[in-house]
Asker: 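I am attaching a structure below and will ask some questions about it afterwards.
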Amino acid sequence: MQFHKVNGVTLHYQLIGAPEGRPVLVFANSLGTDFRIWRDVIVRLVGEFAIVLYDKRGHGLSDVGETPYTIDDHVDDLSGLLDHLRVRKAVICGLSVGGLIAQGLVHKRPDLVRALVLCDTAHKIGTAEMWDARIRAIYEEGIEAIADLILERWFTVDYRKPDNAEFTGYRNMLIRTPRDGYTATCAAIRDADFTEAAKLIDVPTMCVVGTEDGSTPPELVGELSRLIPGALYQEIPQAGHLPCIEQPVVLTDAIKLFVEKITKEGK
């Protein structure tokens, strides 16, 4: 396990090397998860690309730190980690809140970003009323009390079968997320709005979404893709909010094709 202290919090991360000159892919995960959600994608990329994964503050093995958070806090954490690793011009693959972090990073630290893969995310996710209600419910009843409602948005009906051990495992990941880290990140999402900033993104971008995503549905992700000049858009069938878990082969192939395209074009 690898750890680095940045901005007063210790972050858990993993760096996987690759032959010199190969692109670097950085993965930022969603609310209520840690970087293990990328496993079935990463095993199909190892050796072809250098890879950075990390648990954002308040998640996984990283510190919770002071709360509440802003998206800038998460952006500064990622930029500090990449500075520590001496990573520049990486392809940032952000899922859900990770996609908001990726959008913030390209504006604040363009030297770190070569391209974006914005997966099941948006320029603005949810409403203030929705996030405030979720924060209140978690403080009153705990994450487990609303876990099933969240998981309905994350996964398809077929995946949410009681006898699916993987589904049980990811439910455990969600409900074991530190309460303060989860709710602080809810507040960061609530207050983030990249609607105007998305129009200024000037790096190659691909927006990807599961067709059955209940958190950031295809019409919302499609709207994001139309805001970003020249962005590509792809839907992944038979996947909810986390296609890296339900359809890792399809998502990996999409990432590979996108990176190969921009590499060939010299972008």
Side-chain angles (χ1 to χ4, degrees), residues 15-30 35 37-53 78 82 85 87-96 98-123 194 197-211 213 216 218-239 241-267:
L15 172 64
I16 304 172
E20 188 175 348
R22 293 299 295 157
V24 181
L25 307 186
V26 177
F27 292 86
N29 46 284
S30 57
F35 72 58
I37 64 170
W38 298 106
R39 179 192 176 278
D40 290 341
V41 171
I42 298 311
V43 295
R44 294 172 169 84
L45 298 172
V46 169
E48 294 186 56
F49 306 98
I51 296 166
V52 177
L53 308 106
L78 179 53
L82 296 182
L85 298 175
V87 168
R88 291 290 182 276
K89 294 299 179 184
V91 179
I92 312 296
C93 182
L95 171 59
S96 195
L100 293 173
I101 296 168
Q103 291 174 70
L105 188 69
V106 74
H107 294 295
K108 198 166 189 179
R109 289 291 305 277
D111 58 307
L112 301 178
V113 183
R114 178 179 184 177
L116 297 173
V117 177
L118 301 177
C119 185
D120 296 79
T121 188
H123 43 293
F194 289 107
K199 302 172 185 177
L200 303 176
I201 292 175
D202 61 356
V203 298
T205 301
M206 177 174 66
C207 298
V208 183
V209 62
T211 56
D213 186 335
T216 54
E219 54 267 28
L220 180 59
V221 181
E223 183 180 340
L224 172 63
S225 73
R226 290 188 293 274
L227 287 172
I228 300 172
L232 304 176
Y233 174 77
Q234 180 172 335
E235 295 183 1
I236 298 180
Q238 298 178 317
H241 191 53
L242 305 176
C244 52
I245 293 173
E246 288 196 87
Q247 297 295 337
V249 175
V250 179
L251 179 58
T252 305
D253 287 347
I255 293 171
K256 282 185 177 181
L257 286 172
F258 174 66
V259 176
E260 288 167 3
K261 178 178 183 292
I262 63 175
T263 301
K264 189 176 295 184
E265 293 173 351
K267 294 182 178 179

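For this chain, numbers begin at 1 and follow the sequence in order.
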Asker: Looking at Tyr233 and Pro218, would you say the former's side chain and the latter's main chain have a donor-acceptor pair under 3.5 Å?
Answerer: yes

Asker: Does CD in Glu260 sit with more than 12 non-hydrogen atoms of other residues, nucleotides or ligands closer than 6.0 Å?
Answerer: yes

Asker: So, Asp120 side chain and Gly210 main chain: donor-acceptor pair closer than 3.5 Å or not?
Answerer: yes

Asker: From Met206 CE over to Ile255 CD1, what is the distance, rounded to the nearest 0.5 angstrom?
Answerer: 6.0 Å

Asker: What residues form a salt bridge (charged side-chain N to carboxylate O under 4.0 Å, His left out) with Arg22, not counting sequence neighbours?
Answerer: none

Asker: Which atoms form the tightest heavy-atom contact between Pro19 and Gly47, and what is the distance?
Answerer: CD-O, 3.4 Å

Asker: Taking the side chain as C-beta and beyond, is there a heavy-atom pair between Glu223 and Leu220 under 4.5 Å?
Answerer: yes

Asker: Name all residues meeting the side chain to side chain contact (heavy atoms under 4.5 Å, CB included) criterion together with Val43; count only those two or more places apart in sequence or in a different chain, and write none if there are none.
Answerer: Arg39

Asker: Could you pull out all residues at least two apart from Glu219 that satisfy side chain to side chain donor-acceptor pair (under 3.5 Å)?
Answerer: none

Asker: First locate atom CG of Leu105, then atom CG of Leu78, and finally report the distance between them rounded to the nearest 0.5 Å.
Answerer: 5.0 Å

Asker: Taking the side chain as C-beta and beyond, is there a heavy-atom pair between Val41 and Pro248 under 4.5 Å?
Answerer: yes

Asker: Applying side-chain hydrogen bond (donor to acceptor under 3.5 Å, both in side chains), run through His123 and Gln103 and close with a yes or a no.
Answerer: CA-CA 8 Å; His123 43 293; Gln103 291 174 70; over 6 Å; no

Asker: Ignoring hydrogens, what is the shortest heavy-atom contact between Leu100 and Thr121? Give both atom names and the distance.
Answerer: N-OG1, 3.7 Å

Asker: What distance separates Ile201 CD1 from Leu118 CG, expressed to the nearest 0.5 Å?
Answerer: 6.0 Å

Asker: Between Leu224 and Ala122, what is the shortest heavy-atom contact and its length?
Answerer: CD2-CA, 3.8 Å

Asker: Distance-only, no hydrogens or angles: does the Gln238 side chain make a donor-acceptor pair with backbone N or O of Gln247 under 3.5 Å?
Answerer: no

Asker: Which atoms form the tightest heavy-atom contact between Thr211 and Pro237, and what is the distance?
Answerer: OG1-CA, 3.4 Å

Asker: My understanding is that only one of Val24, Leu45, Ile51 makes a side chain to side chain contact (heavy atoms under 4.5 Å, CB included) with Ile16; could you say which?
Answerer: Ile51

Asker: What pairs with Leu15 under side chain to side chain contact (heavy atoms under 4.5 Å, CB included), at least two apart in sequence or on another chain?
Answerer: Gln2, Tyr13, Val52, Leu85

Asker: Is any side-chain N of the basic residue among Lys261 and Glu265 closer than 4.0 Å to the acidic one's carboxylate O?
Answerer: yes

Asker: Hey, is the main chain of Arg44 close enough, under 3.5 Å, to the side chain of Lys256 for a donor-acceptor pair?
Answerer: yes

Asker: Any side-chain heavy-atom pair from Val203 and Leu116 closer than 4.5 angstrom?
Answerer: yes

Asker: Rounded to the nearest 0.5 Å, what separation is found between the CG atom of Leu251 and the CD atom of Glu246?
Answerer: 12.0 Å

Asker: For Arg88, give me all partners under side chain to side chain contact (heavy atoms under 4.5 Å, CB included), at least two apart in sequence or on another chain.
Answerer: Asp83, Arg109, Asp111, Leu112

Asker: Rounded to the nearest 0.5 Å, how far apart are CG of Asp213 and OG of Ser96?
Answerer: 8.0 Å

Asker: Would you mind listing every salt bridge (Lys or Arg N to Asp or Glu O under 4.0 Å) that reaches into residues 224-236, with sequence neighbours excluded?
Answerer: none

Asker: I would like to know whether Ile262 and Val91 meet side-chain contact (heavy atoms from CB on, under 4.5 Å); could you show each step before the answer?
Answerer: CA-CA 10 Å; Ile262 63 175; Val91 179; 4.3 Å; yes

Asker: Fit a plane to each ring of Trp38 and Phe27, take the angle between them on a 0 to 90° scale, and name the class: parallel (under 30°), tilted (30 to 60°) or perpendicular (over 60°).
Answerer: tilted

Asker: Could you tell me the separation between the CZ atom of Phe258 and the CD atom of Gln234, rounded to the nearest 0.5 Å?
Answerer: 11.5 Å

